[in-house]
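Protein chains get the first letters and strands the later ones, always in sequence-line order, with residue 1 at the start of each.
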Amino acid sequence: MLHHIHKWKPLHFLQKSQILAPLSSLIFTKPSASAAKFEDEPAAAAVIPNPRNTVSEVITGLGIFGLRKFLGNFYFRTMVSKLNQPEVDLIIESLSLESSDSAFGFFKFLRNECGFRHSRISEFIVVHVLATNRQFQELRSVVKQMVDEEGPGSAPSLCELLLYRFRDWDSSSVVWDMLAFAYSRSEMVHDALSVLAKMKDLNLKVSTSTYNCLLHNLRHTDIMWNVYNEIKDSGTPESDYTRSILIDGLCQQSGLQDAVSFLMDAERTETGPSVVSFNTIMSRFCKLGFVDVAKSFFCVMFKYGLVPDSYSYNILIHGLCVAGSLEEALEFTKDMERHGVQPDTVTYNILCKGFHLLGLMSGARKVIQKMLVKGLNPDHVTYTIMICGHCHVGNIDEALKLQKEMISRGFQLSVIVYSVLLSSMCKSGRVEEALRLLYEMEAVGLEPDLITYSILIHGLCKQGDVQRASEIYREMYMKRIIPNYFAHRAILLGLREKGDIYEARKYFDHLTTRAVTEDIVLYNIMMDGYVKLGNVAEAIQLYKQIIEKGLNPSTVTFNTLIHGFCKTGKLVEARRMLDTIELHGLLPSPVTYTTLMNANCEQGNINGMLELLREMEAKDVEPTHVSYTVVIKGLCRQGKRWDAVHLVEEMYAKGLSPDQITYNTIIKCLCKAQDFEKAFQLHNEMLMHNLAPTPVTYNLLINGLCVYGDLEDADRLLVSLNDSNINLTKVAYTTLIKAHCAKGDVYRAVALFHQMVEKGFEISIRDYSAVINRLCKRCWTTEAKYFFCMMLSDGISPDQELCEVMLNVFDQGGDFDSAAELLAEMIKFGFRPD
DNA sequence: CCGTAACTTA
């Protein structure tokens with residue numbers, strides 16, 4: 001595969017004036033046509049083996065920069081775009097003999113501005129030039145790109161190329177070493193090792209940093225020691241890092257004790273243990289949660305006469321922040337300054353994280369202010385921490401502001417940060433914006449990955465937009481990103497939530513008959529769908545399928561079945577399932593018990609419910625706030641409302657947070673007992689605990705006042721809720737309207753009905769029927785007729801039942817015209833009047 | 001090559 005390169009003589013003798021004519025023909029005509037013109041030029045013709053090579057000759061003759069200046073960028077590019085890889089190899093090699101800058105310059109121009117794909121030969125020529133010139137940064141980046149493109153297993157072929165094509169080049173040993181280093185850095189350890197083996201054959205020296213990098217990548221394995229022995233055998237000098245990497249490896253391989261002994265062993269060497277080694281040990285201890293031990297090593301350092309550096313301080317400050325001791329971390333930062341070590345950007349980033357972990361984003365902001373005062377600028381990590389922090393507390397707008405700022409300061413956002421933003425947008429229902437952000441990230445050249453797509457698919461499905469979720473799914477598939485179980489679950493769930501169980505089943509069957517790996521969760525979702533529809537038989541059918549296929553059911557599978565049995569009143573079977581869970585080697589979950597407890601409660605078997613609570617606690621299955629809510633419901637049924645109230649206090653004491661349903665349950669009970677004072681007190685308690693009362697809470701209070709209290713209080717409550725702009729549902733109005741109808745205050749009822757319509761609620765036939773039935777019962781014929789007409793003008797057709805009620809009222813009131821008219825309408829509708 | 005960020009979950 002190796003290309004032959006003829007030794008090439010640059011055309012120094014060509015003068016600009018001589019080149020001018022042929023160049024223009026090269027630019028404006030096809031290569032074949034240019035051949036004839038070139039034959040007129042004796043100087044050029046003498047060296048041209050074939051017309052296309054002239055471009056190379058011309059370039060080498062003038063030098064890249066001269067030519068580019070001479071032609072201008074556009075023509076230069078046009079000319080150069082006609083080159084192929086072997087030609088470029090020739091040019092670059094001859095340029096490299098001239099000056100390294102022009103070779104590398106031309107190389108970069110082709111790659112960056114013309115999108116040219118260089119051959120490995122060109123790359124290695126440039127690499128050698130860079131090595132000779134000691135331009136290590138550029139050298140490293142070219143080799144890294146090459147190695148990353150080639151991928152794992154490519155070392156032998158690259159070594160072969162170096163060996164046969166570049167053996168006698170200057171700086172060959174630097175290039176070999178860099179190749180080994182690059183493979184190490186890109187975590188292709190085997191390739192790195194095979195380069196090292198070749199280097200050993202060739203008697204080439206390996207640098208300390210290459211050895212260190214390799215050691216670092218092998219620190220989890222035994223091979224680490226082989227490499228270390230090789231370092232010692234070859235006489236390569238060790239650095240402070242060499243030992244620290246070994247210590248880090250020991251920490252993970254054999255434990256901290258061995259690592260500590262190894263650290264202390266260095267006492268006997270002439271240099272003694274290094275700060276870096278101590279830092280490594282401290283970092284390990286911190287990561288395991290032993291900040292105190294890390295602190296004691298800090299003191300040991302002083303005893304050895306070592307001076308802790310900024311790493312030492314940052315490691316401890318980070319350890320303290322993670323442990324939640326922010327105060328001590330801040331104290332330590334002051335200590336750091338007192339000892340003459342200036343906090344750096346990393347220090348401030350760590351403190352930001354400390355504040356973020358405690359949910360104190362305002363504190364994090366203050367840290368950044370302090371950082372700016374000190375003349376340090378936030379870096380991409382600072383921004384990442386802040387963006388993630390704001391997302392975490394749901395403050396997406398602040399996160400977006402920072403994202404914009406980050407971009408305007410020239411930082412590249414990672415795919416991960418975009419995913420964080422997308423995820424929190426989806427969580428708060430801003431899926432539309434999330435989609436826009438997806439397009440934005442694609443526009444800035446970032447490729448969304450599996451997780452990014454999964455988040456969006458999940459978000460769209462949750463919102464019920466399975467259609468668009470499937471489009472994203474296809475988009476992902478087109479990019480050869482293979483969706484995993486996550487997307488499948490989301491889509492199945494989305495289809496199920498849409499209410500079309502057949503559609504969901506079709507998708508499910510499609511997945512389960514084809515998929516290589518079966519996912520029990522898909523079965524659970526499907527079974528749960530059937531149970532929710534009351535079709536327990538189909539759920540059981542699926543369970544049988546799970547067993548037949550030899551799949552392992554999960555606790556959720558059984559919980560779903562238990563829920564099904566409970567729903568159909570088969571408590572004995574439900575209870576039996578609990579034992580089946582254990583037969584399958586699984587543990588019942590809090591949901592298992594809570595479901596059973598709820599069923600017992602619903603059946604009025606409060607003792608059975610409490611028995612289950614005891615059993616659950618005996619088996620160390622922790623009751624959740626839902627379990628407690630069920631118990632509270634049971635106590636309320638028994639009229640033990642004080643016990644119920646006490647249980648809420650007990651929940652707080654146990655660190656469980658009651659939710660809105662917990663409070664609604666008790667409030668309902670208190671209303672029924674006409675204890676409105678306590679009911680409203682609990683409502684206030686909700687506010688105190690930052691629990692927003694739901695529309696149900698207010699419906700319960702209004703209904704309570706209507707049925708068990710003072711209707712006027714109920715009216716007043718509605719007014720004050722409206723004044724406070726509190727969100728209510730239609731139920732609040734219909735409850736009051738029904739109450740006024742029943743009491744006979746038609747005018748209030750009508751007024752409320754109008755209010756309800758004005759608020760924009762969708763009014764159904766059920767709402768009209770409820771009012772009309774009640775009015776008819778009390779023979780308020782005119783008002784009933786009024787609502788009936790209102791309904792018709794609203795475009796809502798009456799049903800047979802309602803027509804009969806009206807017909808009856810018309811007959812009773814002697815309004816025979818209306819009766820006849822209605823009768824005619826009824827026949828048109830196809831109703832059969834009795 | 002010692003220190004900071006990093007996404008989905010019935």
Side-chain angles (χ1 to χ4, degrees), chain A residues 181 184-185 207-217 219 238-248 251 274-284 286-287 308-319 321-322 343-354 356 378-389 391-392 413-424 426-427 448-459 461-462 483-490 492-494 496-497 519-529 554-557 559-560 591:
Chain A
F181 180 81
S184 277
R185 270 305 275 262
S207 68
T208 306
S209 54
T210 297
Y211 270 132
N212 282 350
C213 187
L214 193 60
L215 268 183
H216 180 256
N217 280 320
R219 71 195 190 284
E238 293 178 31
S239 73
D240 278 351
Y241 296 117
T242 316
R243 283 207 139 235
S244 89
I245 296 163
L246 290 169
I247 289 172
D248 201 36
C251 285
S274 68
V275 175
V276 179
S277 293
F278 271 103
N279 290 346
T280 306
I281 279 278
M282 290 196 296
S283 172
R284 276 284 147 220
C286 282
K287 277 183 184 137
D309 60 8
S310 62
Y311 284 79
S312 322
Y313 281 99
N314 287 340
I315 290 165
L316 271 180
I317 293 169
H318 182 243
C321 281
V322 170
D344 56 15
T345 309
V346 176
T347 318
Y348 289 108
N349 288 347
I350 292 168
L351 291 174
C352 275
K353 178 186 172 183
H356 146 59
D379 62 5
H380 69 286
V381 178
T382 323
Y383 278 106
T384 306
I385 294 171
M386 293 300 282
I387 290 175
C388 295
C391 282
H392 201 74
L413 269 90
S414 69
V415 177
I416 295 178
V417 177
Y418 269 104
S419 293
V420 170
L421 281 163
L422 284 169
S423 164
S424 58
C426 288
K427 271 183 193 143
D449 62 8
L450 174 66
I451 294 178
T452 321
Y453 280 120
S454 299
I455 291 169
L456 269 168
I457 290 172
H458 187 253
C461 287
K462 225 171 176 177
N484 62 5
Y485 64 93
F486 196 86
H488 296 146
R489 290 175 189 182
L492 183 65
L493 202 66
R496 199 195 75 185
E497 293 303 294
D519 179 13
I520 188 67
V521 176
L522 293 175
Y523 284 86
N524 293 347
I525 294 172
M526 209 58 231
M527 286 169 67
D528 192 44
S554 68
T555 301
V556 176
T557 317
N559 289 350
T560 308
V591 177

Checking all strands, does [X] fall into the base, sugar-phosphate, or nothing category for heavy-atom contacts under 4.0 angstrom?
{"X": "A:S423", "result": "sugar-phosphate"}
{"X": "A:I451", "result": "base"}
{"X": "A:V420", "result": "sugar-phosphate"}
{"X": "A:K427", "result": "sugar-phosphate"}
{"X": "A:D248", "result": "nothing"}
{"X": "A:R243", "result": "nothing"}

Side-chain N or O of A:K353 closer than 4.0 Å to phosphate OP1/OP2 of B:dT4: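 The answer is no; no side-chain N or O of A:K353 sits under 4.0 Å from OP1 or OP2.
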So, does A:H356 get its side chain near the phosphate of B:dT4, meaning an N or O under 4.0 Å from OP1 or OP2?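 Answer no for this pair, as no side-chain N or O of A:H356 is under 4.0 Å from OP1 or OP2.
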For A:F486 and B:dT8, are the ring centres under 5.5 Å apart with planes inclined under 30°?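 Here the ring of A:F486 and the base of B:dT8 are not stacked, as the 5.5 Å and 30° limits are not both satisfied.
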Atom-to-atom span, [atom1] of [X] to [atom2] of [N] - whole angstrom:
{"X": "A:L493", "N": "B:dA10", "atom1": "CG", "atom2": "P", "result": "8 Å"}
{"X": "A:H392", "N": "B:dA5", "atom1": "NE2", "atom2": "C1'", "result": "14 Å"}
{"X": "A:K462", "N": "B:dA10", "atom1": "NZ", "atom2": "P", "result": "6 Å"}
{"X": "A:L246", "N": "B:dC2", "atom1": "CG", "atom2": "C1'", "result": "14 Å"}
{"X": "A:N279", "N": "B:dT4", "atom1": "CG", "atom2": "P", "result": "11 Å"}

Proximity to the side chain of [X] - top-ranked nucleotide from [options]:
{"X": "A:I455", "options": "B:dC7, B:dT9, B:dT4", "result": "B:dC7"}
{"X": "A:I385", "options": "B:dA5, B:dT8, B:dA10", "result": "B:dA5"}
{"X": "A:I416", "options": "B:dC7, B:dT8, B:dA10", "result": "B:dC7"}
{"X": "A:N524", "options": "B:dA10, B:dT4, B:dC2", "result": "B:dA10"}
{"X": "A:H318", "options": "B:dC2, B:dA10, B:dA5", "result": "B:dA5"}

A:T384 (side chain) donor-acceptor with A:H380 (main chain) under 3.5 angstrom: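 Yes, because the side chain of A:T384 sits within donor-acceptor range (under 3.5 Å) of the backbone of A:H380.
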Between A:R219 and A:L246, is there a donor-acceptor pair closer than 3.5 Å when you use the side chain of the first and the backbone of the second? no
Any residue meeting side chain to side chain donor-acceptor pair (under 3.5 Å) with A:N217, in chain and number order, not counting sequence neighbours: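 Checked A:N217 against side chain to side chain donor-acceptor pair (under 3.5 Å); zero matches.
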Contacts of type side chain to side chain donor-acceptor pair (under 3.5 Å), residue A:T280, not counting sequence neighbours: none
Assign the ring pair A:H356 / A:H392 to parallel, tilted or perpendicular, where the plane angle (0 to 90°) is split at 30° and 60°.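 Judged by the thresholds at 30° and 60°, the geometry between A:H356 and A:H392 is perpendicular.
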